[in-house]
Amino acid sequence: LGQYFTPVKVARLMAELASGTTCEELRILEPGSGAAVLTAALCEALPSTVRSIHIDAFELHPELAALCEETLRFTAAWLEERGTACSFTVHRKDFVLENASCLRAELFGARKGYDIAISNPPYFKLQKQDPRARAAAEIVHGQPNIYALFMAIMAGLLKDNGTMVTI
């Protein structure tokens, strides 16, 4: 699946880059979440003024999706002990296929409104006939790469002035 797992030290550095929010309510996106180490590190780094968080994590690999759910359950309990409500959904679906419509010109601007997107996207080339390349046809030129599609879709799903941190 082109996955490269993020060491905790790197996850904490990325979390610090994304944690400067003044919002009391946050929507967080982590596509290609693996074990959700990035979201867990982000939640640790957020200011205590954050009162409510919803997390959408996308993970296709069945074992990693189960581990992601376990990590997010632990993260939610940890946050709630500190006075921050936390809900989450682990989507066991292909992030690109589920969200590529945000790249269509007529829909760009009809954003889901994530405050923060944090990711270590997969990295590999796609064939032009790949369903993901076709779904993102608005931006695919030349040899498509899954990493670039992840970044474009993440940006398209952010609120105005949202924060995106990727490796």
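Any value given below was found using the heavy atoms of this structure, including those in side chains, with hydrogens, waters and symmetry copies removed.
Here OG1 of T166 is found 6.0 Å from CE of M154. Values are rounded to the nearest 0.5 Å. Interatomic distance, T75 OG1 to I53 CD1, rounded to the nearest 0.5 Å: 9.5 Å. Atom-to-atom distance recorded for L42:CG and E30:CD is 9.0 Å, nearest 0.5 angstrom. Atom CG of L38 is separated from atom CD1 of I116 by 12.0 Å, given to the nearest 0.5 angstrom. To the nearest 0.5 Å, atom CE of residue M164 and atom CG of residue L17 are 12.5 Å apart. The OG1 atom of T39 lies 6.0 Å from the CD1 atom of I28; values are rounded to the nearest 0.5 Å.
Under a cut-off of 6.0 angstrom, the local environment of CD in E63 is sparse, with at most 12 non-hydrogen atoms contributed by other residues, nucleotides or ligands. The environment of CD in E24 is sparse: at most 12 heavy-atom neighbours from other residues, nucleotides or ligands sit within 6.0 Å.
A search for ring pair (Phe, Tyr, Trp, His ring centres under 6.0 Å) contacts involving F150 returns F95, not counting sequence neighbours.
Hydrophobic clustering (ILVMFWY, side-chain heavy atoms < 4.5 Å, transitive): L149 and L157 are in one cluster. Under the 4.5 Å side-chain heavy-atom criterion for grouping Ile, Leu, Val, Met, Phe, Trp and Tyr, L46 is connected to V10 within one hydrophobic cluster. Note on L158 and M14: separate hydrophobic clusters, where clusters join Ile, Leu, Val, Met, Phe, Trp and Tyr whose side-chain heavy atoms are under 4.5 Å apart, directly or indirectly. The hydrophobic cluster containing V90 does not contain Y114, counting ILVMFWY residues as joined when their side-chain heavy atoms lie under 4.5 angstrom apart, directly or transitively. Under the 4.5 Å side-chain contact rule for hydrophobic residues, L13 and I167 do not share a cluster.
Smallest separation of non-hydrogen atoms from P31 and I118: CD-O, 3.9 Å. Annotation for F58 and E98: closest pair CE2-CB, 4.2 Å, computed over non-hydrogen atoms. Minimum interatomic distance between R82 and R51 (heavy atoms only, all atoms of both residues): O-NH1, 4.3 Å. Residues T21 and L26 come closest through the heavy atom pair OG1-CD2, 3.7 Å. The minimum heavy-atom distance between A135 and L97, with the atom names listed, is CB-CD2, 4.0 Å. The two atoms that bring A18 and T163 nearest to each other are CA-CG2, 4.0 Å, heavy atoms only.
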For this session: Could you go through the side chain to side chain contact (heavy atoms under 4.5 Å, CB included) check for E70 and F74 one step at a time?
Result: CA-CA 6 Å; E70 185 176 333; F74 177 81; 6.0 Å; no
Problem set entry | Derivation of the side chain to side chain contact (heavy atoms under 4.5 Å, CB included) call for E69 and E59 | CA-CA 10 Å; E69 286 178 349; E59 180 53 57; over 6 Å; no
Problem set entry | side chain to side chain contact (heavy atoms under 4.5 Å, CB included) between C43 and I55, worked out | CA-CA 10 Å; C43 289; I55 300 161; 4.2 Å; yes
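Residues E44 and R12 form a side-chain contact, since some pair of their non-hydrogen atoms from C-beta on lies under 4.5 Å apart. Side-chain contact between V8 and V37: present, with at least one pair of heavy atoms (C-beta onward) separated by less than 4.5 Å. In this structure, the side chains of T22 and T49 stay at 4.5 Å or more apart for every pair of heavy atoms.
Formation of a donor-acceptor pair under 3.5 Å by the D115 side chain with backbone atoms of R27 is found in this model.
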